[in-house]
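Read through the structure below, which is laid out as structure tokens, and then see the notes.
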Amino acid sequence: MTAGRRLGGVQTIVKVGGGLLSRAGAFELVTGALAAFGKGRRLLVVPGGGPFADAVRELVRRIKVSEDAAHWMAVLGMDQYAHALTERTPGAVLVEQLPEIHAALDAGLVPVLAPYRWLRAADPLPHSWSATSDSVAAWIAGAVGATRIVLIKPAKGDVSRMVDGLFLRTLPAGVDCVVLTAHELEKLGEALESGPKPGQRRAVSEG
């Protein structure tokens with residue numbers, strides 16, 4: 001039995017897209033929603049890369065950096081975003097490993113994952129730009145046994161067009177996928193509580 005399906009495990013991954021940082025007021029809306037809806041729920045926040053990953057892309061264009069180095073630099077960018085989310089989300093705590101996640105949930109806190117240490121040890125994804133923070137979040141969903149992943153994106157769209165090419169292949173079978181924009185965060189509580197039968201993917205922002 002996987003960790004999230006054990007009593008007290010993670011039920012939902014909330015992936016906060018780094019692109020939200022480019023939208024005025026979106027970061028504040030997200031951190032407010034995480035504080036309001038996250039407390040007391042079995043969720044794990046996974047940050048995107050956003051401008052931190054973009055800085056790595058720009059560096060790669062300017063100087064010779066291997067794909068291996070660029071991959072880990074981008075993952076470290078996710079750690080930087082994790083620190084910002086933790087700092088600005090009341091009741092949040094930075095975590096790096098599964099025991100810390102469970103301890104945070106047991107304490108009624110909102111765990112925000114800095115994934116570098118975990119990913120460096122497991123090394124589950126290809127070292128290329130085909131695997132972005134979306135695929136990282138999908139892999140984390142499987143690693144903790146979550147039954148749902150909520151993607152908070154800057155804009156609406158079809159899931160298959162909004163994520164990297166490895167996301168749907170990395171996401172374990174039976175994990176429900178929901179997409180919300182920063183202006184639909186009043187639906188976050190609903191996304192964390194209700195949903196279709198396991199394995200049915202949907203986007204509450206559509207339809």
Side-chain angles (χ1 to χ4, degrees), residues 1-18 20-21 25-48 78-115 117-118 133-134 136-154 159 171-172 174-205:
M1 184 178 293
T2 53
R5 291 182 174 87
R6 293 197 301 263
L7 182 63
V10 176
Q11 295 176 351
T12 306
I13 299 295
V14 179
K15 160 59 185 342
V16 180
L20 294 166
L21 291 171
F27 182 76
E28 289 73 19
L29 289 173
V30 170
T31 54
L34 290 174
F37 295 112
K39 186 176 181 181
R41 290 187 167 98
R42 313 298 296 190
L43 64 85
L44 172 64
V45 177
V46 175
M78 296 175 67
D79 277 22
Q80 293 182 70
Y81 194 15
H83 280 274
L85 286 166
T86 304
E87 173 73 17
R88 295 293 296 275
T89 303
V93 61
L94 192 78
V95 297
E96 294 183 312
Q97 299 286 346
L98 195 57
E100 296 172 344
I101 295 169
H102 288 160
L105 294 174
D106 291 343
L109 300 173
V110 178
V112 179
L113 181 66
R117 183 180 173 191
W118 195 350
S133 56
D134 291 325
V136 171
W139 181 82
I140 293 293
V144 301
T147 58
R148 172 170 300 178
I149 184 168
V150 177
L151 303 175
I152 303 179
K153 293 283 187 177
V159 174
L171 192 68
V175 177
D176 176 32
C177 182
V178 177
V179 179
L180 293 174
T181 72
H183 298 291
E184 298 173 311
L185 291 174
E186 74 280 356
K187 299 178 183 178
L188 182 58
E190 172 193 346
L192 295 173
E193 291 290 349
S194 61
K197 296 178 181 179
Q200 180 182 352
R201 291 173 179 167
R202 68 181 176 121
V204 282
S205 61

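For the single chain, residues carry numbers from 1 onward in sequence order. The figures that follow rest on heavy atoms only: side chains count, while hydrogens, waters and symmetry mates do not.
- Within the 4.5 Å cutoff, the side chain of E190 has no heavy atoms near those of the V178 side chain.
- Put simply, the side chain of V46 reaches to within 4.5 Å of the side chain of M78, judged on heavy atoms.
- Separating the CD atom in Q11 from the CG atom in L192 is a distance of 9.5 Å, to the nearest 0.5 Å.
- Test L43, V144, T147 against I13 for side chain to side chain contact (heavy atoms under 4.5 Å, CB included) and you get one pass: V144.
- Considering only heavy atoms from C-beta on, Y81 comes within 4.5 Å of V16 through its side chain.
- Counting all heavy atoms, side chain and backbone alike, A104 lies closest to V93 at CB-CG1, 3.5 Å.
- The two residues V150 and A191 make their nearest non-hydrogen contact at CG2-CB, 4.1 Å.
- With contacts defined as side-chain heavy-atom distances shorter than 4.5 Å, the pair I101/W118 qualifies.
- Counting all heavy atoms, side chain and backbone alike, V110 lies closest to K39 at CG2-N, 3.9 Å.
- No side-chain heavy atom of E100 sits less than 4.5 Å from a side-chain heavy atom of P111.
- Across V112 and A92, no two heavy atoms sit closer than the pair CG2-CB, 4.0 Å.
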Under the criterion side-chain contact (heavy atoms from CB on, under 4.5 Å), I'd like the reasoning laid out for R41 against V10: C-alpha separation, chi angles, the key distance, then a yes or no.
CA-CA 9 Å; R41 290 187 167 98; V10 176; over 6 Å; no

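- For E28, the salt bridge (charged side-chain N to carboxylate O under 4.0 Å, His left out) partners are R88, not counting sequence neighbours.
- What you find for P47 and S133 is that their closest heavy atoms are O-CB, 3.9 Å.
- Considering only residues two or more places apart in sequence or on other chains, E96 meets the salt bridge (charged side-chain N to carboxylate O under 4.0 Å, His left out) condition with R117.
- Here the NZ-CG distance, from K153 to L180, works out to 12.0 Å after rounding to the nearest 0.5 Å.
- Around CD of Q97, the count of heavy atoms belonging to other residues, nucleotides or ligands within 6.0 Å exceeds 12.
- Rounded to the nearest 0.5 angstrom, L151 CG and K15 NZ are separated by 6.5 Å.
- Expressed to the nearest 0.5 Å, how far CG of L171 lies from CG of D134 amounts to 10.5 Å.
- Separation of atoms CG (L109) and CG (L94) is listed at 12.0 Å; rounding is to 0.5 Å.
- Just one residue in the list L34, T31, V30, V95 forms a side chain to side chain contact (heavy atoms under 4.5 Å, CB included) with V45, and that residue is L34.
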